[in-house]
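Below: the structure, in structure tokens.
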Amino acid sequence: MVLFLRNCYLYVLVLIYAISVSVLHFGFLQPVSDSLSFALLFGLCFPLISWLLVRRSSPYIPDRFTFSGEKYIVSVLVLFIVWYISYGTGWINHLVSKNILDTPWKNAFFILFKKLCVFVIIPYFIYGAFGFRPEDFGFSVRRPGKKVSRTILVFLLLSICMLVFQLFIGRGAEPLRRGQFTISQLLYGLPLCFLWYVFEVGLVEEFFFSEP
């Protein structure tokens, strides 16, 4: 605990979060209570549950040692992603047909394609040039074992926690609480939504930040 409090990055993170909350509150009229509640849930409660579930586990994918110049490559990738989020999206949109942007389903697939390129494909090939194999990123088929079984158990428990949160508290499940969908819509829609979010959220948002 003492070492944790001595970590200078902790105070940098708290400062950045305080600035973000101030901007949201004074610039966008976001209630401070909403920001703090999300920080408590996603910054403390869910990470604590995750830590308790895996604290005695060994990594399923062995860690790779850093290579010479990796910090510069990571810095360039971060700057590239910042550019994409701030200006790149609009610049890329000017290069494609207006029909794609105006058609909802085409635009959704186009956005997914852009995200996969920026957050997954480009970092994957850059690290691949330095000797990283698909197995280092988790792209492998392995025989079920103790580690796999424990991983599945952790996945199921965290999924249940997140589903309970979303169902009773989260805004995303508000249409479900109001009964806006039929049973047939849920039977078809939920598996398709899960498959879509495996790529758009699971792969896009986690691949870059969990690179070796």
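- Rounding to the nearest 0.5 Å places SG of C8 at 11.5 Å from CG of L13.
- Interatomic distance, L158 CG to L163 CG, rounded to the nearest 0.5 Å: 11.0 Å.
- Within a 6.0 Å sphere centred on CD1 of I183, other residues, nucleotides and ligands contribute 12 heavy atoms or fewer.
- Panel note: side chain H25, backbone P31; no donor-acceptor pair is recorded below 3.5 Å.
- A donor-acceptor pair shorter than 3.5 Å can be found between the side chains of K114 and N93.
- The hydrophobic cluster containing V201 also contains I85, counting ILVMFWY residues as joined when their side-chain heavy atoms lie under 4.5 angstrom apart, directly or transitively.
- Between the side chain of T89 and the backbone N or O of Y84, at least one donor-acceptor pair lies under 3.5 Å.
- Note: Q180 CD to Q185 CD = 10.0 Å, rounded to the nearest 0.5 Å.
- At most 12 non-hydrogen atoms from other residues, nucleotides or ligands lie less than 6.0 angstrom from OH of Y188.
- The backbone N or O of W105 sits nowhere less than 3.5 Å from a side-chain atom of T103 that would complete a donor-acceptor pair.
- Hydrophobic cluster membership differs between L190 and F165, with clusters built from Ile, Leu, Val, Met, Phe, Trp and Tyr side chains linked at under 4.5 angstrom.
- Two rings, from W196 and F109, have their centers less than 6.0 Å apart.
- Under the 4.5 Å side-chain heavy-atom criterion for ILVMFWY residues, a single connected hydrophobic cluster contains both W91 and V118.
- How far SG of C161 is from CD1 of I49: 4.0 Å, rounded to the nearest 0.5 Å.
- Residues F125 and F132 keep their aromatic ring centres 6.0 Å or farther apart.
- F168 and I160 fall within the same hydrophobic cluster, defined by Ile, Leu, Val, Met, Phe, Trp and Tyr side-chain heavy atoms under 4.5 Å apart, directly or through other members.
- With values rounded to the nearest 0.5 angstrom, L95 atom CG is found 11.0 Å from I100 atom CD1.
- Remark: Y17 OH is packed, more than 12 non-hydrogen atoms of other residues, nucleotides or ligands lying under 6.0 Å away.
- Grouping the Ile, Leu, Val, Met, Phe, Trp and Tyr side chains by contacts below 4.5 angstrom, directly or via other members, places V74 with L77.
- Formation of a donor-acceptor pair under 3.5 Å by the E200 side chain with backbone atoms of Y197 is not found in this model.
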